[in-house]
Every structure is written in structure tokens, then in C-alpha cells.
There are 2 protein chains.
Amino acid sequence: MVTILNKKQSAILSSGRELFWKYGFRKVSVDEICNAAGCSKMTFYRYYTDKLSLAKAVYDEEVDQAIQKFRDIMQAETPADEKLQAMLSLKSDSVNNISPEFLKDFYSDNDSGLKEFIAEKTTKVWSEIISDFKEAQQRGVFRQDFKPELLLYVSQNISTLINDPYLLQLYGTPQELIMEITRFFTYGIAPNNSKMSSK
Amino acid sequence: MVTILNKKQSAILSSGRELFWKYGFRKVSVDEICNAAGCSKMTFYRYYTDKLSLAKAVYDEEVDQAIQKFRDIMQAETPADEKLQAMLSLKSDSVNNISPEFLKDFYSDNDSGLKEFIAEKTTKVWSEIISDFKEAQQRGVFRQDFKPELLLYVSQNISTLINDPYLLQLYGTPQELIMEITRFFTYGIAPNNSKMSSK
DNA sequence: TACAAAAATACAATAATAGTATCATTGTTG
DNA sequence: CAACAATGATACTATTATTGTATTTTTGTA
């Protein structure tokens with residue numbers, strides 16, 4: 001589904017993304033967004049019911065783009081190791097794309113509703129990813145006895161992992177930690193572990 | 001003058017710098033700083049009367065370090081063009097060091113007092129720099145008919161330049177603009193413009 | 001002109017923040 | 001151990017910021 005936005009609305013969207021990305025959700029005020037977008041507050045509330053709904057839209061857009069890229073990788077006629085590598089760099093991209101500031105608010109805030117929204121979205125996205133995985137598995141891209149559901153389990157527990165102080169100080173930044181986890185799982189599911197790229 | 005700080009105080013100072021640098025002055029709350037520094041609010045107010053006084057301390061420290069580096073460059077036994085180049089990269093360093101977020105609040109806020117403080121400090125620093133320049137000039141490092149006071153004049157007007165919308169859109173970011181101005185003036189005061197490094 | 005979109009402004013209710021006061025806890029030093 | 005200083009925890013008030021809305025102008029445009 002492609003939603004067409006008019007000029008003002010997309011100005012608000014991109015200003016929102018920019019500011020949220022930089023400062024996180026809480027620190028950014030609606031007024032600030034309006035100033036950056038060059039519109040009045042009324043216009044803002046014409047297009048978005050809340051500050052929250054804008055954040056959702058921003059997040060949605062980002063995830064949708066990431067999903068699209070993921071699909072492209074999965075659909076392409078490349079061997080598993082190349083797929084894995086592409087996914088890996090995609091993952092690290094999107095980790096850099098979705099700023100740590102944004103994620104910080106999302107992990108610590110309990111009341112804003114952002115958390116629930118992102119959790120829900122994450123679930124949906126992961127079930128899509130899993131079905132894509134299964135499809136690729138059918139085509140023999142990954143080894144047959146690997147269960148994609150495992151990824152879901154991990155992803156659902158990853159937020160607790162990310163908040164674990166010990167792990168955090170071990171890796172420095174949440175991104176590093178996420179990357180490490182991703183790397184581990186990605187490389188662990190190749191059909192042929194010892195010799196990659198040998199069809 | 002070297003001020004010795006105890007552990008907590010320096011923890012507050014560095015947490016403050018980190019947060020101010022990232023988010024600017026306004027967006028950062030005292031509670032946030034205390035959490036980052038691992039101390040209670042009481043301890044904060046034991047060492048700093050204000051949020052503002054912490055910001056001043058942070059800025060002070062940064063400027064003093066920059067000044068020190070500048071002095072080192074001026075005192076060294078190197079030809080003018082090397083001095084200029086070193087100062088140039090120092091300038092671009094400190095532009096990156098003093099974050100645009102911090103400067104943004106400083107240029108837009110009118111009431112907090114940060115503006116006045118920084119303006120005052122800037123004046124002092126520049127007069128020191130000028131006397132250093134004159135000394136180097138005496139030693140024949142720069143051409144004799146160049147007036148260091150010109151730099152002061154420029155620096156005092158630079159804030160209006162930086163806020164000029166036309167110039168800003170011409171250079172994209174304030175840093176770029178500052179760098180361009182600096183570059184222009186630095187290269188313009190070499191004793192021998194056509195052939196640098198030819199003693 | 002007439003109409004719709006946007007801006008400007010003002011506003012009330014709510015939430016966040018600064019800074020203080022009080023009391024409890026720790027840690028250190030003689 | 002006792003006494004003292006440094007720090008923490010908590011609660012609190014006054015002030016400021018922010019949200020989201022209502023109302024009135026301005027602007028652009030068919």
C-alpha cells in the first residue's frame with residue numbers, strides 16, 4: 001500500500017524523523033517539529049492526531065523500507081552466504097538508521113505507548129520475515145533442519161538482553177551488542193558452515 | 001590555574017559535557033545529568049549552583065584546552081605556514097568539539113545567560129590570542145603590516161554572519177561556514193602568499 | 001469573488017523541571 | 001568506636017514547558 005502525502009505532511013514527517021532520530025522521542029516538542037517543518041501547530045494536528053502518531057509513522061516508514069530491502073535480498077538468485085552477508089550489512093544499516101536516541105526512549109518509556117506499538121510492529125514484521133525464511137528454506141537456500149521460529153524467540157528476548165547492564169558494558173553500545181547477536185545467529189544458520197559459498 | 005576536582009564533581013562535569021554536547025543546553029535536565037554521573041541531585045547542587053554554572057564550567061574547560069593547544073602551536077619553532085596549518089586543523093577540531101547542538105542553544109537562547117558568558121569569555125580569549133599573535137609577529141613569523149586586531153573585529157561579527165540565512169544555506173551547516181571563514185582569514189595573513197613554506 | 005488550506009494567536013489543562021529542605025545512609029578518620 | 005563529612009533518597013513548591021484545542025486572520029487558488 002502506497003500512501004500519498006501532500007507537501008506539508010511529508011515536511012512534517014521528515015522533520016519529525018530528523019529530530020526524533022537526533023534527540024529521541026521525549027526531548028522533541030511538537031512546536032519544534034512545526035518550526036522545522038515550517039508549518040503551524042494546527043496543520044500538524046490536521047495530519048497527525050498526536051506526537052505519538054507521528055513517531056509511529058516515522059517508525060513505520062523506516063521499517064517498511066527495511067523490510068522491502070530484506071525482501072529484495074531474499075528473492076534474489078544468490079547463494080546463502082551472499083544473502084547472509086547482505087542481510088548482515090542491512091541489519092547493521094538499519095541499526096544505524098534507527099538511531100540509538102530513538103530506541104532509548106522506546107526502551108525506557110513505559111507510558112507513551114511507543115513501546116507497545118513498536119513491539120506489535122516487530123511481531124508482525126518478524127512473522128513476515130519468518131515466512132520469507134521458510135520459503136527460502138524450501139528453495140534449499142538454508143539448511144532444512146533450521147527453525148526460523150528460533151529467530152522470533154530471540155528477537156522477543158533481545159530487548160531484555162539489550163538492557164542487561166553486563167552485556168552492555170561488554171559491548172559498549174547497544175548497536176554493537178545487537179550486531180554481535182545478529183552476526184552470531186546469521187552465521188550460525190548457513191547450510192554449510194565449514195565451507196561457505198561452495199554450492 | 002589548575003583546579004582539582006574530586007571524583008563526583010568530575011563525574012558530573014564529564015556527564016554534563018557529554019549530554020550538553022549531544023543535546024544542547026536546554027534539552028538536558030539536571031536529573032538526567034545526575035543519573036549519568038551516578039549521583040544525587042543534592043550532590044550536584046553542592047558543587048554547582050546552577051545548571052548554568054555547570055555549562056559554564058564545561059565550556060571553560062573546553063576553551064582552556066583549545067587555548068593551550070593554540071599556545072603550543074604558536075610557541076613552536078616552525079615556519080608560518082605550518083603554524084597556520086596547525087591552527088587551521090585545530091580550529092576545525094574545536095568546531096567539531098564544541099557541538100553545534102551546544103552552540104545552537106547559545107545563539108538562540110536570550111535569557112539563560114549562557115550567551116553573555118560565552119561572549120565575555122570569547123572576548124578574553126581573543127585578546128590573549130591577539131597578544132600571542134603580536135609576539136609571534138615580533139619574531140617575524142607573520143608579515144609586519146598585518147593587524148591582529150582585525151581578527152577580533154571579525155570574531156565579534158562572526159555570530160551575525162553565522163546567523164545570516166543566506167550564508168547558511170550557501171554553506172549548509174554553521175560549521176562549514178565557520179571553517180570557510182577561518183580558512184579565508186588564516187590563509188590571508190601568511191607573510192608570503194604566493195609561495196608558502198619557502199623560507 | 002468565494003472557498004479551502006494554512007497561519008497566527010490565544011488558551012486551559014497537564015506535565016516536566018529547577019532548586020530546596022529534610023532525613024537517612026555511608027564512609028572515613030582520629 | 002565515635003564523630004564528622006560526604007552522599008543519597010525522598011518529598012515538595014514554584015515555575016516553566018508542553019500539549020492539544022478553539023478562534024480569528026491570512027494566503028493561495030479555482
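Just so it is clear, the model here is predicted, and its values are computed rather than measured. Residue numbering restarts at 1 for every chain, and letters A, B, ... go by the order of the sequence lines.
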Participant: Which letters describe nucleotides 20-30 of chain C, given B = protein heavy atom under 4.0 Å from base, S = only from sugar-phosphate, - = neither?
Facilitator: BBB--------

Participant: Nearest-Å distance, NZ (B:K27) to P (C:dA16)?
Facilitator: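 Computing the B:K27:NZ to C:dA16:P distance gives 15 Å.
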
Participant: So what does A:D50 hit on the nucleic acid, given a heavy-atom distance under 4.0 Å: a base, only sugar-phosphate, or nothing?
Facilitator: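 Sugar-phosphate contact only - A:D50 comes under 4.0 Å of backbone atoms but never of a base.
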
Participant: Is the shortest side-chain heavy-atom distance between A:I67 and A:K124 below 4.5 Å?
Facilitator: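 The answer is no, as the side chains (C-beta and beyond) never meet within the 4.5 Å cut-off.
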
Participant: Take the protein atom OH of A:Y23 and the nucleotide atom C1' of D:dT18, then report the distance between them rounded to whole Å.
Facilitator: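 Going from A:Y23 (OH) to D:dT18 (C1'), I get 18 Å.
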
Participant: Under 3.5 Å, is there a donor-acceptor pair linking the side chains of A:Q68 and A:D72?
Facilitator: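 A donor-acceptor contact under 3.5 Å links the two side chains.
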
Participant: With rounding to the nearest 0.5 Å, note down the distance linking CG in A:L19 to CZ in A:F25.
Facilitator: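 It is 12.5 Å, given to the nearest 0.5 Å.
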
Participant: Does D:dG20 have OP1 or OP2 under 4.0 Å away from a side-chain N or O of A:Y48?
Facilitator: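 Checking A:Y48 against D:dG20: no side-chain N or O falls below 4.0 Å of OP1 or OP2.
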
Participant: In terms of heavy-atom contacts, does NZ of B:K22 have more than 12 from other residues, nucleotides or ligands at under 6.0 Å?
Facilitator: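 It does not: B:K22 NZ has 12 such atoms or fewer within range.
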
Participant: Rounding to 10 degrees, work out the angle separating the end axes of the helix from C:dT1-D:dA30 to C:dG30-D:dC1 (five pairs an end).
Facilitator: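 Result, rounded to 10 degrees: 40°.
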
Participant: Measuring from A:R17:CZ to A:Y59:OH, what's the distance to the nearest 0.5 Å?
Facilitator: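 Output value for this atom pair is 14.5 Å.
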
Participant: Mind calculating the distance between CG (A:D31) and C1' (C:dC11) to the nearest angstrom?
Facilitator: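 Those two atoms, CG and C1', are 13 Å apart.
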
Participant: Mind checking the CE-OH spacing from B:M42 to B:Y47? Nearest 0.5 Å is all I need.
Facilitator: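 Those atoms lie 11.5 Å apart.
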
Participant: In terms of side-chain heavy atoms of B:Y47, which of D:dA6, D:dG8, D:dT19 is nearest?
Facilitator: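 For the B:Y47 side chain, the nearest candidate turns out to be D:dA6.
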
Participant: So B:F44, base contact, sugar-phosphate only, or nothing? Heavy-atom distance under 4.0 Å.
Facilitator: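 Nothing, no heavy atom under 4.0 Å.
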
Participant: Could you check whether any side-chain heavy atom of A:K27 comes within less than 4.5 Å of a side-chain heavy atom of B:E32, counting everything from C-beta outward?
Facilitator: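 Touching, per the 4.5 Å side-chain cut-off.
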
Participant: Nearest whole angstrom, please: distance from the C1' of D:dA6 to the CG of B:N6.
Facilitator: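 So the two atoms are 9 Å apart, to the nearest Å.
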
Participant: Without decimals, in angstroms, what is the distance between B:Q9 CD and D:dG8 P?
Facilitator: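 Going from CD in B:Q9 over to P in D:dG8 covers 13 Å.
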
Participant: Taking only side-chain N and O atoms of A:K51, does any of them lie within less than 4.0 angstrom of OP1 or OP2 on D:dT19?
Facilitator: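 Yes.
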
Participant: Rounded off to whole Å, could you give me the CG-to-P distance for the B:N35 and D:dT10 pair?
Facilitator: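 Rounded to whole Å, this separation is 12 Å.
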
Participant: Just by distance, with hydrogens left out, do B:Y45 and B:D50 show a side-chain donor and acceptor under 3.5 Å apart?
Facilitator: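 No, no side-chain donor-acceptor contact under 3.5 Å.
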
Participant: Rounded to the Å, how far apart are B:L52 CG and C:dG19 P?
Facilitator: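 Distance check: B:L52 CG to C:dG19 P gives 9 Å.
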
Participant: Looking only at side-chain N and O atoms, does A:S40 come under 4.0 Å of OP1 or OP2 in C:dA6?
Facilitator: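 Answer is no, no contact under 4.0 Å.
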
Participant: To the nearest 0.5 angstrom, please state how far the OG atom of A:S29 sits from the CG atom of A:N35.
Facilitator: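 Nearest 0.5 Å value for the OG-CG distance: 8.0 Å.
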
Participant: Starting the side chain at C-beta, find the nucleotide from C:dA6, D:dG8, D:dT19 nearest to B:T43.
Facilitator: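 Nearest nucleotide to the side chain: D:dG8.
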
